Amino acid sequence: MVQLLYTYSVPVMADSIQLEQVLLNLLSNAMDALADEPSMKRHIIVHTRREGGKAILEVRDTGRGITPEILEVLFHPFFSTKEHGMGLGLSICQTIVEQYGGLISAENILASGACFRIELPLSLNVERRHPS
């Protein structure tokens with residue numbers, strides 16, 4: 001199940017196709033993380049919001065989370081936890097997000113899975129209309 005919570009459009013200056021690919025990669029990884037969970041415990045939450053001059057997008061899952069050792073190398077090229085993974089997905093996501101002045105990070109949510117967070121600068125037009 002994918003659940004959208006209080007999600008709305010937050011305009012950023014970035015290529016929509018590239019951001020779509022980042023989101024699809026994060027959703028695919030979240031679904032993989034839930035594959036061994038009982039069906040009633042499989043949840044993915046996508047949430048967007050504005051924080052000051054930034055747009056925040058979070059993808060959370062209710063899987064087992066990410067070990068501290070893996071968190072350290074998660075975005076390194078060619079690192080994968082998947083048996084047949086190439087280890088390029090998150091590295092490419094990081095490159096895309098950073099090319100637009102953003103950040104991508106991952107963290108564990110205590111007893112509740114993992115959260116991937118993308119921060120991107122708001123579009124200049126939005127900042128002018130809505131000062132922080």
Side-chain angles (χ1 to χ4, degrees):
M1 170 199 301
V2 176
Q3 180 180 9
L4 300 176
L5 292 180
Y6 194 60
T7 299
Y8 59 96
S9 176
V10 183
V12 295
M13 290 298 294
D15 183 84
S16 61
I17 302 296
Q18 288 184 328
L19 291 183
E20 180 180 319
Q21 291 304 309
V22 170
L23 181 58
L24 288 173
N25 183 274
L26 296 179
L27 289 170
S28 175
N29 288 349
M31 289 188 293
D32 289 344
L34 296 173
D36 295 332
E37 298 295 322
S39 60
M40 293 304 291
K41 292 188 177 188
R42 295 179 192 166
H43 300 283
I44 298 171
I45 300 167
V46 178
H47 183 209
T48 60
R49 66 182 179 281
R50 179 181 168 180
E51 280 184 10
K54 297 178 191 171
I56 309 295
L57 181 141
E58 291 179 340
V59 176
R60 298 175 179 231
D61 67 63
T62 54
R64 290 174 287 191
I66 308 165
T67 66
E69 298 80 26
I70 291 177
L71 276 172
E72 290 180 24
V73 296
L74 197 56
F75 294 97
H76 290 189
F78 306 109
F79 173 80
S80 180
T81 59
K82 300 175 186 176
E83 185 177 339
H84 299 289
M86 292 177 56
L88 293 174
L90 288 175
S91 176
I92 292 170
C93 288
Q94 183 178 42
T95 299
I96 291 170
V97 170
E98 288 179 353
Q99 112 182 358
Y100 297 109
L103 297 169
I104 185 170
S105 60
E107 66 178 325
N108 280 313
I109 303 167
L110 190 59
S112 148
C115 177
F116 283 80
R117 178 182 168 117
I118 296 171
E119 300 178 22
L120 287 166
L122 287 171
S123 168
L124 293 177
N125 294 334
V126 172
E127 288 182 351
R128 286 188 194 120
R129 286 195 311 255
H130 303 286
S132 298

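Quick caveat, the model's predicted, so the values are computed rather than measured.
- Two different hydrophobic clusters hold Ile56 and Phe116 under the rule that ILVMFWY side chains link at heavy-atom gaps under 4.5 Å.
- Taking the side chain as every heavy atom from C-beta outward, Ile118 and Leu26 approach each other to under 4.5 Å.
- The closest side-chain heavy-atom distance from Leu71 to Glu107 is not below 4.5 Å.
- Connection of Val73 to Phe78 is established within a shared hydrophobic cluster, with ILVMFWY side chains joined at heavy-atom distances below 4.5 Å, either directly or through further cluster members.
- Using a 4.5 Å heavy-atom threshold, the side chains of Gln18 and Gln99 count as touching.
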side-chain contact (heavy atoms from CB on, under 4.5 Å) between Val46 and Leu27, worked out: CA-CA 9 Å; Val46 178; Leu27 289 170; 3.8 Å; yes

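- For Thr67, the side-chain contact (heavy atoms from CB on, under 4.5 Å) partners at least two apart in sequence or on another chain are Glu69, Ile70.
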Test log, rule side-chain contact (heavy atoms from CB on, under 4.5 Å), inputs Asn25 and Leu90: CA-CA 8 Å; Asn25 183 274; Leu90 288 175; 3.8 Å; yes

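- Ile96 and Leu88 fall within the same hydrophobic cluster, where Ile, Leu, Val, Met, Phe, Trp and Tyr residues are linked whenever their side-chain heavy atoms come under 4.5 Å apart, directly or through other members.
- In this structure, Ile109 and Cys115 have side chains that are in contact, with non-hydrogen atoms separated by less than 4.5 Å.
- Considering CZ of Arg64 and OG of Ser112, their distance stands at 14.5 Å, rounded to 0.5 Å.
- One finds no salt bridge joining Arg49 and Glu119 here, because no Lys/Arg side-chain nitrogen approaches an Asp/Glu carboxylate oxygen to under 4.0 Å.
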